[in-house]
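One structure below.
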Protein chains: 2
Amino acid sequence: MNNIQHTFAALGDQTRMAIIERLALNEISLSELAEPFAMSQTAVSKHVHVLSEAGLVEISKRGRTRYCRLKPEPLRAAEEWLETYQQFWSERFENLATFLTKEKSE
Amino acid sequence: MNNIQHTFAALGDQTRMAIIERLALNEISLSELAEPFAMSQTAVSKHVHVLSEAGLVEISKRGRTRYCRLKPEPLRAAEEWLETYQQFWSERFENLATFLTKEKSE
DNA sequence: CATTTAGTTAACTATTTGGTTGACTTTATA
DNA sequence: TATAAAGTCAACCAAATAGTTAACTAAATG
């Protein structure tokens, strides 16, 4: 699946965020990706598959190697969701500030 | 706690995202907040406490009523994290596009 | 004062999550 | 061809999560 909840859930894990930060640099093989983590390659592979299910990573097979590549689209969607709400709150806070200022001067 | 992982983890749940969307409208009591959900008030209260732990909601007691208010700061931090990465990827994609265009015309 | 309302707390359950290991498949290489 | 490397798959485990119900506290109200 690929909805926004999946994106947030995928990001809500330290290891997976670190994977994303690593993949932001460049495409890399699963074993190289797994190397710095203090867990088995299988575990990292599972995390990568969670990211893949969320549409955040694309896995491509070349020979016996699996390369992982970042897919930023869901992150953009997540960012847009957050942005919408923040604009709204900014307005609310501005209004609140305006209200409080007015009340003070009366 | 209040780090970015907590924020993403808190958002990675349908119910909690719905709670946030509701609280974006206005402050509201726990029982009113729980009313539309197909689960017990206790369950909703737990979700609200998860959001509270993540710094996304502030609970204030007035009489016997608990009012829940949205705290947008962690969302802003989450948005900024996403934004940074997206700017970076946009550049990368632009570079890729430039590269492909050059290659084609040669 | 008796009752209702708002909510917490504790105990419990089922499912999901994050991890392990060992056996296996497939591809590359000495 | 034998072996090593890259990775999957299945079975398992412990802890966390999302929910329940029942008993309770505290505040408001008839």
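Since we're looking at a predicted model, the values are computed, not measured. We name chains A, B, ... by the order of the sequence lines, and we start the count at 1 in each one. Computation of the quantities below employed the complete heavy-atom set of this structure, encompassing side-chain atoms and omitting hydrogens, waters and symmetry-equivalent molecules.
- Counting to the nearest Å, the P atom of D/dT17 and the CD atom of B/Q14 are 18 Å from each other.
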**Prompt:** Please walk me through it: do A/W81 and B/L11 pass side-chain contact (heavy atoms from CB on, under 4.5 Å)?
**Reply:** CA-CA 11 Å; A/W81 185 86; B/L11 292 173; 4.2 Å; yes
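- Regarding contacts with the backbone of C/dT27, every side-chain N or O of A/R62 stays at 4.0 angstrom or more from both OP1 and OP2.
- As a whole-Å value, the separation of B/H6 NE2 from D/dT17 P is 9 Å.
- Of all nucleotides listed (D/dT20, C/dG18, D/dA6), D/dA6 comes nearest to the side chain of A/Q41.
- Residue side chain A/K61 does not reach the base of D/dG7 through any donor-acceptor N/O pair under 3.5 Å, judged by distance alone.
- The 5' end of DNA chain D is approached more closely, in terms of each residue's nearest nucleotide, by A/Y67 than by the other of A/K46 and A/Y67.
- The main-chain N or O of A/A10 is found under 3.5 Å from a side-chain atom of A/R16 such that the two form a donor-acceptor pair.
- One can place CD of B/E53 at 15 Å from C1' of D/dT17, the figure rounded to the nearest angstrom.
- If you find the closest nucleotide of DNA chain C to A/A43 and to A/G63, the one lying nearer the 5' end belongs to A/A43.
- Atom CD of B/Q14 has 12 or fewer neighbouring heavy atoms from other residues, nucleotides or ligands inside a 6.0 Å radius.
- Among the nucleotides D/dG7, D/dC9, C/dG19, the one closest to the side chain of A/T42 is D/dC9.
- Taking only distance into account, the side chain of A/R64 meets the base of D/dA5 through a donor-acceptor pair shorter than 3.5 Å.
- In the set D/dG7, C/dA6, C/dT21, the nucleotide with an atom closest to the side chain of A/S31 is D/dG7.
- D/dA6 atom P lies 11 Å from atom CD of A/E35, rounded to whole Å.
- Of all heavy-atom pairs between A/P74 and A/T7, the closest is CB-OG1, 3.6 Å.
- At whole-Å resolution of the value, CG in A/L30 and P in C/dT25 are 20 Å apart.
- Position along DNA chain C of the nearest nucleotide to A/V44 versus B/R66 favours B/R66 as the more 5'-ward residue.
- The pair A/R62-A/E27 meets the salt-bridge criterion, since a charged nitrogen lies less than 4.0 angstrom from a carboxylate oxygen.
- Here the C1' atom of nucleotide C/dG19 and the CE atom of A/M39 are 8 Å apart, to the nearest Å.
- The residue B/S45 sits close only to the backbone: its heavy atoms come under 4.0 Å of sugar-phosphate atoms, none of a base.
- Listed candidates were D/dA18, C/dG19, C/dG18. Nearest to the side chain of B/R16 is D/dA18.
- Looking at heavy-atom distances under 4.0 Å, B/T65 makes contact with sugar-phosphate atoms alone, never a base.
- At whole-Å resolution of the value, NE2 in A/H49 and C1' in C/dG18 are 16 Å apart.
- Distance, B/I19 CD1 to D/dA18 C1': 12 Å, rounded to whole Å.
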